[in-house]
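See below for the structure under consideration.
Just so it is clear, the model here is predicted, and its values are computed rather than measured. Just so we're on the same page: letters track the sequence lines, and every chain starts at 1.
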Protein chains: 2
Amino acid sequence: MKDLVSRCPIEEGMQVLGGRWPTLLIYYLKDGTKRFSDLRRDNPTVSHRILTLELRKLEKAGIVRRTSHEGYPLKVEYDLTPAGLTLVPLIDAIGDWWEGLHPDADVDGAEKQSAA
Amino acid sequence: MKDLVSRCPIEEGMQVLGGRWPTLLIYYLKDGTKRFSDLRRDNPTVSHRILTLELRKLEKAGIVRRTSHEGYPLKVEYDLTPAGLTLVPLIDAIGDWWEGLHPDADVDGAEKQSAA
DNA sequence: AGTAAATTACGAACATTTTTGTAACCGCGG
DNA sequence: CCGCGGTTACAAAAATGTTCGTAATTTACT
């Protein structure tokens with residue numbers, strides 16, 4: 001997603017939220033403050049480089065806050081900003097919408113038996 | 001966005017809506033039925049191949065409906081399904097949220113003079 | 001006690017994978 | 001011969017992953 005093609009706030013917002021990780025990260029941060037390594041452990045499928053990049057992007061967008069503590073061992077904490085918190089119900093709504101549209105359809109192919 | 005890392009409906013929904021085009025297309029279709037070439041003209045920055053792909057993805061997701069008319073010259077019409085229509089206010093909400101978070105901040109670098 | 005190794009949170013270089021674009025082609029009618 | 005609405009093959013670009021290195025402190029081991 002290199003650049004925008006319009007000045008639509010929807011497009012701008014989706015550029016930040018659009019990828020695979022942003023909503024996931026927001027969801028993990030919903031539970032409260034997390035350290036970088038916590039987030040790494042929470043979703044091991046994201047590389048630390050991308051995790052860093054995504055967190056920075058969310059930080060720059062004003063969705064998460066990064067708090068770097070001085071001492072050693074290093075400690076950096078991430079949590080949602082107030083704006084990030086207000087976003088949560090909105091992406092929740094999209095989840096609900098999707099769930100209503102595709103009721104319990106498993107996209108991946110697991111759990112084939114529905115009525116046992 | 002190759003595959004999902006969770007069975008979260010939010011992630012599944014975002015996988016469909018996530019790119020640059022889906023929300024744009026939904027917005028153009030909000031105005032009513034459009035032909036393929038209309039959509040091409042509406043956003044000339046998308047290649048026709050990707051437009052086809054995106055439209056098909058949205059169709060498969062149940063967001064847009066594709067109606068192929070028989071005769072010649074060819075005529076294919078696209079419009080939002082009821083589910084697609086219910087989605088509109090949700091992505092609107094995201095746009096509003098973003099706008100509230102970044103009030104008239106131009107992300108691109110244009111109109112530098114704010115207080116003339 | 002002294003040294004190697006792990007942890008912590010990254011940054012940078014390079015490799016791979018995924019996405020998007022380009023160009024050509026299709027059948028057919030105006 | 002172009003336009004409609006695509007599809008296919010190939011090419012470019014973008015996203016993501018992998019690996020190595022950093023600074024300082026704790027832990028592990030001998």
Side-chain angles (χ1 to χ4, degrees), chain A residues 1-6 11-12 14-25 28-29 32-61 64-79 107-108, chain B residues 1-6 11-12 14-25 28-29 32-61 64-79 107-108:
Chain A
M1 225 178 300
K2 196 54 196 308
D3 51 348
L4 298 164
V5 300
S6 72
E11 200 193 339
E12 294 173 15
M14 290 303 282
Q15 187 170 26
V16 174
L17 303 174
R20 175 149 72 262
W21 309 118
T23 48
L24 264 303
L25 293 178
Y28 283 117
L29 290 174
T33 298
K34 297 254 187 174
R35 300 183 56 174
F36 184 79
S37 47
D38 292 333
L39 291 169
R40 286 223 47 171
R41 274 184 284 270
D42 281 338
N43 23 250
T45 49
V46 63
S47 65
H48 76 277
R49 194 175 81 91
I50 296 303
L51 181 56
T52 308
L53 262 38
E54 294 290 319
L55 286 171
R56 293 257 194 279
K57 188 174 68 176
L58 292 174
E59 187 196 2
K60 216 169 59 175
V64 310
R65 181 180 47 156
R66 193 180 97 102
T67 313
S68 180
H69 297 271
E70 279 294 322
Y72 278 90
L74 294 175
K75 184 175 178 182
V76 179
E77 289 184 319
Y78 294 90
D79 59 348
V107 268
D108 208 18
Chain B
M1 226 178 298
K2 197 55 198 306
D3 51 348
L4 299 164
V5 300
S6 71
E11 202 193 337
E12 293 173 16
M14 291 304 282
Q15 186 169 27
V16 174
L17 303 175
R20 175 150 71 259
W21 309 118
T23 48
L24 264 302
L25 293 178
Y28 282 117
L29 290 174
T33 299
K34 297 256 187 174
R35 299 183 57 173
F36 183 80
S37 47
D38 292 333
L39 291 169
R40 287 225 48 183
R41 274 184 284 270
D42 282 338
N43 22 251
T45 49
V46 63
S47 65
H48 71 277
R49 194 175 82 91
I50 296 302
L51 181 56
T52 309
L53 261 38
E54 294 290 318
L55 251 14
R56 294 256 194 278
K57 187 174 68 176
L58 292 174
E59 187 196 2
K60 215 169 59 174
V64 310
R65 181 180 48 157
R66 194 180 97 103
T67 312
S68 180
H69 296 271
E70 279 294 322
Y72 278 90
L74 295 175
K75 184 175 180 183
V76 179
E77 289 183 320
Y78 293 90
D79 59 348
V107 269
D108 207 18

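At C:dA9, none of the side-chain N or O atoms of A:Thr52 fall inside 4.0 Å of OP1 or OP2 (strictly under the cut-off). Here B:Arg41 reaches the OP1 or OP2 of D:dC4: one of its side-chain N or O atoms lies under 4.0 Å away.
With respect to the salt-bridge test (charged N to carboxylate O, under 4.0 angstrom), the residues A:Asp42 and A:Lys34 qualify.
The separation between A:Lys75 atom NZ and D:dT26 atom P is 14 Å, rounded to whole Å. Rounded to whole angstrom, the span from the CD atom of B:Gln15 across to the P atom of D:dA15 amounts to 17 Å. Straight-line distance from the CG atom of B:Leu53 to the C1' atom of C:dT18: 13 Å, rounded to whole Å. A:His69 places its NE2 atom 17 Å from the C1' atom of D:dT25, with the value rounded to the nearest Å. Straight-line distance from the CD atom of A:Glu70 to the C1' atom of D:dT25: 15 Å, rounded to whole Å. Atom-to-atom, CZ of A:Arg35 to P of C:dT7 comes out at 13 Å; the value is rounded to the nearest Å. Distance CD (A:Glu77) to C1' (C:dC10): 16 Å, rounded to an integer number of Å. Taking atom NZ on A:Lys34 and atom P on C:dA9, their separation rounds to 13 Å, with Å as the unit.
Set against C:dC10, D:dG6, D:dC4, the side chain of A:Val76 has C:dC10 as its closest nucleotide.
When side chains are defined from C-beta on, A:Leu39 counts as touching A:Leu29, because their heavy atoms get closer than 4.5 Å. Looking at B:Lys60 and B:Lys57, their side chains never come closer than 4.5 Å, going by heavy atoms from C-beta outward. Between A:Asp79 and A:Val64 there is no side-chain heavy-atom pair separated by less than 4.5 Å.
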Q. Going 5' to 3' along nucleotides 21-30 of chain C, which nucleotides have protein heavy atoms under 4.0 Å from the base (write B), which only from the sugar-phosphate (write S), and which from neither (write -)?
A. BBBB--BSS-

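The OG atom of A:Ser68 lies 12.0 Å from the CZ atom of A:Phe36; values are rounded to the nearest 0.5 Å.
More than 12 non-hydrogen atoms from other residues, nucleotides or ligands lie less than 6.0 angstrom from CZ of B:Arg40.
Of the listed residues (A:Glu77, A:Lys75, A:Arg35), just one forms a side-chain hydrogen bond (donor to acceptor under 3.5 Å, both in side chains) with A:His69, and that residue is A:Glu77.
B:Arg56 comes within 4.0 angstrom of the backbone, heavy atoms only, and of no base.
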